Amino acid sequence: MYDVVIAGAGPVGLFLAAELALADCSVLVLERDGEPASPLKTLPLGMRGLNAGSVEAFYRRGMLGELLEASGVDAARVGAGPGVPGATAPRDVSHFAGMRLDPAGIDPAAVSFRLPGPAMEGVMTSLDAVGTVLADRASGCGAQILRGAGLEAVTQDGPSVLVRAGGRDHRARWLVGCDGGRSTVRRLAGFDFVGTPPMFTGYVARVTFDDPQKLDLGFNLTPTGMYLRTPFEGHLGMMDFDGGAFDRSQPLTREHLQTVLRRISGTDVALDEVHLASSFTDRAMQATTYRQGRVLLAGDAAHIHSPLGGQGLNLGIGDAVNLGWKLAATIRGTAPEGLLDTYAAERHPVGAAILDWSRAQVATMNPGPNAPALRKLLRDLLGTPDGTTHVFHRTAGLSHRYDLGSDQPLVGRTAPDFRLADGTRLGELLREGQGVVLDFTTGRRLRGAAAGWKGLIRYAAGPVGDDLGFGALFVRPDGIVAWADGHHPDLEEFRRAAARWSGEPTP
């Protein structure tokens with residue numbers, strides 16, 4: 001009997017496995033594919049962008065160094081970002097509907113509650129690099145990973161779930177489906193999956209061009225679609241607004257890709273050879289709930305959308321970070337009533353917002369007689385400081401605020417990386433997956449009140465370089481501020497917040 005069986009050893013499943021194993025839960029990860037390596041996971045086709053919020057999650061669990069090394073990124077390049085005094089603009093603000101934005105257009109004053117720290121910007125990486133780091137982390141924490149074991153059946157039986165995979169039965173108290181957009185867990189457990197149909201078929205490929213100079217670098221919106229050519233030799237992306245008509249069961253031939261590319265680009269460019277290719281659509285779907293009994297969903301199993309803006313991986317990591325500590329507390333018996341229900345309550349609106357962000361970009365890129373006028377209007381708006389800053393907020397993973405019932409503007413947001421006078425940072429205090437109380441007050445006013453949650457909440461006190469006007473904070477294990485007050489904090493309000501997320505204190 002495992003505490004949790006996770007279907008899917010992608011980044012979301014592995015991050016969740018590491019979170020649960022860190023909390024001493026027994027975890028089995030079942031993966032359909034026999035080997036983790038795949039050319040679709042390496043550069044250039046496996047290229048992915050981790051936003052500032054995801055990089056922060058790796059940092060808070062002590063994995064940032066390994067991530068940067070695996071991604072070939074100099075750690076010195078991931079420094080202070082917008083909202084930090086003296087900080088430079090980020091190097092990239094992604095794009096909206098293929099329209100690149102100038103990072104210098106960000107209004108630093110509009111990016112609130114940020115402090116200098118190791119994790120301030122996004123990182124370009126690959127699925128292979130992320131998967132390697134997370135697999136090592138999950139295994140190192142004690143999770144078991146079983147490859148070549150595709151899910152075949154799911155049966156909920158009172159206090160447990162029976163899972164059949166790879167011809168063997170596995171029983172667990174909980175099952176989490178992290179098995180992608182075509183999730184077997186979602187189908188077998190009977191989740192409703194609703195949304196909007198596709199408008200385009202997308203293609204990514206590594207090819208050999210006969211005459212690459214005929215194609216401009218970067219995103220190129222055309223009267224018939226969009227193509228992308230990157231500095232990686234032979235890397236090609238396309239969006240063909242065919243209503244998602246291409247059948248993925250058909251082979252992706254050189255002739256088909258060349259026909260689509262010529263139609264979209266308006267050139268007679270020739271493809272000599274196709275080395276690797278894959279297709280996708282912008283179908284935008286979401287499970288109506290993320291939990292059915294003892295079965296939960298996370299990542300693409302819970303929501304799918306077009307890859308425009310690179311939000312999918314970041315959304316899934318956010319799911320794993322939110323779910324992990326809540327499910328672990330439920331298994332340990334320390335969770336207050338209803339804690340696990342807050343997973344869907346908090347993450348479902350985030351997923352819905354990302355789906356709408358994707359739909360808006362697709363609508364902007366959709367060819368037609370009115371498309372040029374719409375794009376011109378949006379280019380003008382996105383060229384303003386307000387427009388650039390808004391897109392940065394949305395794509396950096398910094399804008400969302402969970403509704404935790406407080407008027408204090410920091411509550412519900414990701415916590416600033418406060419640095420105590422002895423050099424200790426909040427991110428370091430979160431590495432063991434516990435909540436953290438930060439006490440900047442004279443006389444350490446919260447010491448006694450926090451003692452009732454020993455083993456669940458870490459207490460740290462002392463002067464701080466910049467307290468942003470706060471005297472005390474309670475930060476959840478996922479790095480979200482659950483309570484904050486001034487230099488004369490209300491101890492009873494703190495106790496209520498701590499009990500809400502960590503259960504009643506021990507005598």
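Quantities reported herein were computed from a predicted structural model and do not represent experimental measurements.
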According to salt bridge (Lys or Arg N to Asp or Glu O under 4.0 Å), who are the partners of [X], at least two apart in sequence or on a separate chain?
X    : result
R61  : E19
D3   : R173
R419 : none
D192 : none

Sequence neighbours excluded, which residues qualify as side-chain hydrogen bond (donor to acceptor under 3.5 Å, both in side chains) partners of T230? H235

Who passes side-chain hydrogen bond (donor to acceptor under 3.5 Å, both in side chains) against S358, sequence neighbours left out?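 Partners of S358 under the side-chain hydrogen bond (donor to acceptor under 3.5 Å, both in side chains) test: S306.
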
Could you pull out all residues at least two apart from [X] that satisfy ring-ring contact (aromatic ring centres under 6.0 Å, His included)?
X    : result
F280 : none
H400 : Y402
Y343 : Y290

Using the side-chain contact (heavy atoms from CB on, under 4.5 Å) criterion, which residues pair with [X]? Sequence neighbours excluded.
X    : result
R431 : E428
A328 : L20, A23, C25, R332
A472 : L446, W483, P489

Do the ring planes of H95 and F219 sit parallel (below 30°), tilted (30 to 60°) or perpendicular (above 60°)?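 Plane angle between 30° and 60°, so tilted.
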
Parallel, tilted or perpendicular: which one describes the rings of F113 and F470, with boundaries at 30° and 60°? tilted

To the nearest 0.5 Å, what is the distance between [atom1] on [X] and [atom2] on [Y]?
X    : Y    : atom1 : atom2 : answer
D341 : T289 : CG    : OG1   : 8.5 Å
W174 : L323 : CH2   : CG    : 9.5 Å
S26  : I331 : OG    : CD1   : 7.5 Å
E31  : L151 : CD    : CG    : 11.0 Å
F392 : L101 : CZ    : CG    : 11.5 Å
I106 : H393 : CD1   : NE2   : 8.5 Å

Consider only side-chain N and O atoms of T389 and D107, and report whether a donor and an acceptor are under 3.5 Å apart.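 Result is no, nothing qualifies.
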
Is the closest side-chain donor-acceptor distance between E56 and T414 under 3.5 Å?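 Distance-only check passes for E56 and T414.
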
How close do [X] and [Y] get, counting heavy atoms only, and between which atoms?
X    : Y    : answer
T288 : H348 : O-NE2, 3.6 Å
W325 : W501 : CZ3-O, 3.7 Å
L16  : C178 : CD2-SG, 4.2 Å
A135 : L14  : N-CD1, 3.8 Å
R444 : Y459 : CB-OH, 3.2 Å
V411 : A482 : CG1-O, 3.7 Å

So, does [X] use its side chain to make a donor-acceptor pair with the main chain of [Y] at under 3.5 Å?
X    : Y    : value
D33  : E35  : no
S183 : V185 : yes
E432 : Q434 : no
R206 : L45  : no
S502 : A499 : no
N314 : G49  : yes
K41  : M47  : no
S126 : T42  : no
R60  : G62  : no
R347 : L315 : yes

Within-4.5 Å side-chain heavy-atom neighbours: [X] and [Y]:
X    : Y    : value
L67  : Y59  : no
H488 : R445 : yes
T342 : K326 : yes
V481 : R413 : no
L429 : T424 : yes
L64  : P118 : yes
L134 : T132 : no
W357 : V391 : yes

Side chain to side chain contact (heavy atoms under 4.5 Å, CB included) assessment of V29 paired with Q144: CA-CA 6 Å; V29 182; Q144 298 180 47; over 6 Å; no

For the pair R359 and D282, evaluate salt bridge (Lys or Arg N to Asp or Glu O under 4.0 Å) and give the outcome as yes or no after the intermediate values. CA-CA 8 Å; R359 291 181 180 114; D282 61 306; over 6 Å; no

Before you tell me yes or no, could you show the steps for V130 and R48 under side chain to side chain contact (heavy atoms under 4.5 Å, CB included), namely the whole-Å CA-CA distance, both residues' side-chain angles and the distance that decides it to 0.1 Å? CA-CA 9 Å; V130 173; R48 295 294 187 275; over 6 Å; no

State whether the number of non-hydrogen atoms from other residues, nucleotides or ligands found under 6.0 Å of [X] atom [atom1] is greater than 12.
X    : atom1 : value
R500 : CZ    : yes
D422 : CG    : yes
E69  : CD    : no

Could you go through M285 and H303, starting from their C-alpha distance and side-chain angles, then the distance that decides it, and tell me whether this counts as side chain to side chain contact (heavy atoms under 4.5 Å, CB included)? CA-CA 6 Å; M285 310 285 287; H303 39 68; over 6 Å; no

Begin with the C-alpha distance, continue with both residues' side-chain angles, and end with the deciding distance and a verdict on side chain to side chain contact (heavy atoms under 4.5 Å, CB included) for I317 and L313. CA-CA 6 Å; I317 288 175; L313 177 57; 4.1 Å; yes

